[in-house]
Amino acid sequence: MKILVEKISGITVVTMDGELSVDNSIALRESFLKMLKEGSTKVLVDFEKVTFVCSAGLATLIEMMQMLKKSGGKLAICNVNKDVKGLFEITKIHKLIPIYEHREMAMKDLGT
Amino acid sequence: MHIFETIPSQVAPINGFVSSILEKLSPLALDQSTIFNIKLVLYEAIVNAVKHGNKMDPRLSVQVEITSDENQLTIQVTDQGKGFDYQKIPDPVKTENLEKLSGRGIFLIKNVMDKLEFANEGRTIKMTKFLKQ
């Protein structure tokens, strides 16, 4: 899995590509800890190229949300495919982390 | 179709193991969502068996058995651990559990499969998906 981290208008945008399964969740967590260390407080994870997520991936996203909340920050997710969206709904992750259809809307809400 | 495979109690080989099983299922021509769900339950059941069942003991292994016909696909995952009480799994979508970092695996399996059974004092999980005609 490739993880690309960019700073756009004060928001840290994470673009991943592939499957967010057990080992890739560890890689995402490591990247995220680095972002926190560098002072990121508003983080958007773009799921456009993510094809699969398992419970380890869901746990990593929840942990990221909790750590950002502690430092007064926010996490959002966008561009989720139908099957992954189904998992977010089954597990009610969407009640913890805002999920947007498009990046633009997520950036706008995170920016305010 | 009948598949029988074993995997050691390590996390690292799980990705490749699941991919090889999905490849073996390709003659079934399953739709995209069914493949997603089968992949999900394989991951969840195998990770549970390796981590919680066998507690990563390198002397123990996990068995995966898959049978299918035109009506259904059944996956059985068995570990060699002490078993567990599957009736005592907390509900991960209760408000007090929503932010917990574990405990979603069995819940996900229950939600995406059509039938879920346990045997062998919780060492075996049997998951069935009815296939559309």
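Below, chains carry the letters A, B, ... as their sequence lines are ordered, and counting in each starts from 1. These numbers were taken from a predicted model, which means no experiment stands behind them.
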Do [X] and [Y] meet the criterion of a side-chain donor-acceptor pair at a distance under 3.5 Å?
X	Y	value
B:T78	B:N120	no
B:K100	B:N97	yes
A:D83	B:S33	yes

Looking at B:M1, I'd like to know if its CE atom is crowded, meaning that more than 12 non-hydrogen atoms belonging to other residues, nucleotides or ligands lie closer than 6.0 Å.
yes
Please classify the contact of [X] with chain A as side chain, backbone, both or neither, using a heavy-atom distance under 4.5 Å.
X	answer
B:Y43	side chain
B:E99	both
B:V18	neither
B:L108	side chain
B:V11	side chain

Go through the atoms of [X] and report whether side chain, backbone, both or neither lie under 4.5 Å from a heavy atom of chain B.
X	result
A:L96	side chain
A:L58	side chain
A:V53	backbone
A:T51	backbone

Closest approach of A:V43 and A:F32, non-hydrogen atoms and distance?
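Between these two residues, the closest heavy atoms are CG2-CE1, 4.3 Å.
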Of all heavy-atom pairs linking A:M1 and A:G18, the shortest is CE-C, 3.9 Å
